[in-house]
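First the structure, in the form of structure tokens, and then the observations on it.
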Amino acid sequence: MKKVVKDKLNDGEHGDPWWWLVQKGIKSSFICVSIFALLVRVAVGLHPYSGANNRPKFGDYEAQRHWMEITLNLPAKDWYRNSSVNDLSYWGLDYPPLTAYQSYIHGVFLKTFDPDSVGLFTSRGYESYLGKLLMRWTVLSSDVLIFFPAVLYFVLVYRSMRLGLGQNSDAAWHIAMILLNPCLILIDHGHFQYNCISLGLTIAAIAAALSQKDLVASVLYCLALNHKQMSAYFAPAFFSYLLGKCLKNKNPVLEVAKLGLIVVGTFAVVWWPYLHSKEAALAVLSRLAPFERGIYEDYVANFWCTSSVLVKWKKLYTTQSLRTFSLAATLLTCLPSMVQQVLAPSSKGFLYALLNSSFSFYLFSFQVHEKSVLLPLLPLTLLALEERQSLLWLTHFAMFSMFPLLHRDKLVLAYIALYALFILVYFAPGGPSGRCNGSKTRDHRQTTKRGMGFLSSIAFHPLVMGFLGLCSLILHVIYLTMRPPNKYPFLFEAVIMLICFSQFVLFTLYFNSKQWMLSKHLTSKDKQKKII
Amino acid sequence: MKQLLWFFGIATTVKLLLIPSYHSTDLEVHRHWLAITHSLPLSQWYYDETSEWTLDYPPFFAYFERFLSVFANLIDPRIVHLHHGLNYKANSAIYFQRISVIVSDLFLLYGVYISTRNLPSLKRNLVWVLLIWSPGLLIVDHLHFQYNGFLFGWLLLSISFLAQGKDLMGGFIFAVLLCFKHLFAVAAPVYFVYLLRHYCRGGLVRGFARLSAIGAVVVAVFAAAYGPFVYHGQIQQVIRHMFPFGRGLCHAYWAPNFWVFYIMLDKGIAFLLRKVGFNIPTPVASFTGGLVGDASPFAVLPRITPMTTFIMVLLALSPCLFKTWRDPRPRLIARSVAYAYTCGFLFGWHVHEKASLHISIPLALVAVESLEDAKHYFLLSIVSCYSLFPLLYEAQEYPIKVLLLLLHTILMWFCFSALFPKNIAAKGSLQDDKKSTQYESKGSSRTAAEKQRFELGWVAKSYLLGVVVVEIWGQFLHPYLLGDKLPFLPLMLISMYCAIGIVYSWIWQLKWIIIFS
């Protein structure tokens, strides 16, 4: 007993076991965490990428390499056009121009060290030790140059607003939660994509918006949108938050006009090579909206795919009408959170709105991929200090929903290791997940008072959590060891999808109600202030 | 304890991620040993020549491989097949062996736990960071492939038993360790003298009783290890395999030790003499090739034999032995052991660069004791880790080793500056003499603050900066400027530069042993 007390005294200034790591301030703990995060990324890069040795189409790795080949060897106006030198049916470029520019820069890098890997035509399906290494390094450098600084910017802004808790070690934990998000690392550095760029730009945009630099935020968000059209998942939140803030201004029209001009200007700059004629611009645009690919692919845990077990959407309706359905459903489900932000824009509410709108898109929009779950996960990691339990739970299901995909990529070992790493960091001894039990229960009591008891009691009920946790663990094992019955070759995928979908829907409802509770809470506070 | 497990867990996830990385031929060596011990009867273990990788570790390690081979056989029988298993590179073999290293690191965990049990919490944390997250061990065990973590667990255990006064237990564990890997025997003289003077004292009768007790323990351990081979009359064969003196003075890549300077001096003098006009023949034999006939690999300086190195190690070790003889103190045993390994590393025959871990791992236990220790350890541990860089020569692992060293350096920096904070002394004295005359208090507080603060002097700073320069030269400038000319230069620079650091560490430790104890 005495020893324990003595230990506590020795633990540094605040009884914090991480005091030695964080005593030099946020920036130095950021450097430390980010070097570790970088190490983890490099180590994941040792594992195979999607479609390795898998002729004739390979996978995302080959797609990205092919884009480098195309952008490096052809003039910009031919990048999106089917021609004798650019066969669009073989991994044709279908991301916005900023991705094309990024591919060009990376292509130049590859060409200096390994010219064979980007030769026009000759390099199709090119795979080599050096080629893989160079490609991996392009993702690493994008992470270091865009994602990491954006996270630092966000954490500094977030802390200066005192949205988070006070201690330095909490901030370090928050940084670790954002940087060590297993899904993002697995997709970018294992499967092979450049989500870190668009997500990094989005984080920077969020940080700028939170620190009242609305114009900067719009530029950054437009860049994110122009890197990956999927960033549109966040558009309703940005739109409503910025609009809500403009409306509160003395001169709303002027503010809106300024933002509009900035957005149009940014787009014009990025799209410059395609603005010379209407056809060219439309050609690019049609490449970005692959409507012919159907409403869903594989087994993604969203509404359309899950309900297709009962309703055969693809057979009953034409793609045209499904497009309308999905658009309507997405907008409808976004609406509550948008309305809330337009009426009462607030920093916390904005983060929740990002979460809600991205979840709506994930669940209801057209052509969603398993990997799209990264987008709703991003605002959730940004809210890590507020939504601790949800973060753990949803990361678990996001990972789970991507498990079949990662299994195909032969990334199971990396999956296990990163999942364990996430759990360990999440439950770091002395970290916020263990320490602040008191405040969490208080939080819960507050929410139950406001009539959210039902949702949160389902979502966080220990029995439900334990049962689902066990189920998913068993499913992992079954998926790895057993073969599905011949009659239903995708039985396991379907079960995984059902479980994940149920959780995603539940949490979307929970986050939506939480966002609305936030404004009630605020307005009641305001009223109290006025009375005083 | 929870935190220690947490550190270990984090390290384990990184180790798991590193499974597909580059591994040296040691993986095949150990796989072949699994096959030998599994497929052959004990009497043929040290005779088998199916592969060039004959069993050259002591019997306990062979038993350990026999134990592992049971599981290997369950997972994939081909791993332990003497002939079909040769150069078997399937995932099952690699995963099994890598995971066996990761699991055997539990011994390291236990050793670290036992040896840090009684430290105050902050210091304990720091030692855990230094040992559990040691970049050197990660590079050697989990990238290059060996079972050092397992062995160092035993060493730490033995040291901590001695430090706690449980001499018999410490001696027993060390004897076991020697039967796992005989390279650890360099510290045997220190153990011998220490146990003789510390354990076997208290009058003639009691001393003799204790001497026979510990003698019996050691003999029992060695009997358990070598007994079966003595029974089969193979002890000479075992010894021959364990001590291949046919190898040269230096390993393929020169370990950063004293002989690097000796070789360079030889080359330099020969070059100068040739310039002056003497006819100096270029030596035919190489340093790494061994004792080929009577040819000396040196042009001018006298030739070095295993005996010379042996005597030099003993000479270098003698001050420490002398001190231990006069005043055997449990507190100093970790330092003495580390010093013995330093001497062995600097002057030994055919030293491998991996042996620098023998210095940095035991010293981690005492690195938190004082500011001077911390400063010395900071430098030593960086040099020792950096000297391991040439082990991983492929491009894929380049960022990994750099990031490991960088992370280690930053963590150490945070650790030591938290332990020796900036102005604690100054604050205390300022508050004390607030009312006394200002000039005096200012002066005294400033010196007190400087004494307590973790800060590197300009020599150490520029030396560490030099590490960066050497690395940049070797990796980027040399290939760019010189192309394929002088391909050995970058490696030679690394071993020369690290040797300076190790020699400094040796002198520092020697000074400490002479002055402080």
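Worth knowing before you read on, the calculation uses all heavy atoms, side chains too, and leaves out hydrogens, waters and symmetry mates. Below, chains carry the letters A, B, ... as their sequence lines are ordered, and counting in each starts from 1.
- Contact residues of residues 395-407 of chain B toward chain A are B:Ala395, B:Gln396, B:Glu397, B:Pro399, B:Ile400, B:Leu403, B:Leu404, B:Leu406, B:Leu407 (heavy-atom distance under 4.5 Å).
- Rounding to the nearest 0.5 Å places CG of A:Leu424 at 12.0 Å from CZ of B:Phe7.
- Residue B:Lys123 places its NZ atom among more than 12 non-hydrogen atoms of other residues, nucleotides or ligands, all under 6.0 Å distant.
- Of the inter-residue distances, the one linking A:Ser29 atom OG with B:Phe414 atom CZ reads 7.0 Å to the nearest 0.5 angstrom.
- The aromatic ring centres of A:Trp18 and B:Trp6 sit less than 6.0 Å apart.
- Below 4.5 Å, heavy atoms of chain B meet heavy atoms from A:Trp137, all part of residues 135-145 of chain A.
- For A:Tyr419, no part lies under 4.5 angstrom from a heavy atom of chain B.
- Atom CG in A:Leu46 sits 14.0 Å away from atom OH in B:Tyr22 (nearest 0.5 Å).
- The stretch residues 10-19 of chain B places B:Ile10, B:Thr13, B:Val14, B:Leu16, B:Leu17, B:Leu18, B:Ile19 near chain A, each with some heavy atom under 4.5 Å from a heavy atom of that chain.
- Interface remark: A:Leu133 contributes side-chain atoms only to the contact with chain B (heavy atom separation under 4.5 Å).
- Ranked by heavy-atom pairs shorter than 4.5 Å toward chain B, the options A:Ile416, A:Leu418, A:Leu130, A:Leu38 are led by A:Leu38.
- Not counting sequence neighbours, the partners of B:Ile114 by the side chain to side chain contact (heavy atoms under 4.5 Å, CB included) test are B:Tyr110, B:Arg117, B:Leu157, B:Ser160, B:Gln164.
- Between B:Leu122 atom CG and A:Trp20 atom CH2 the span is 9.0 Å, to the nearest 0.5 Å.
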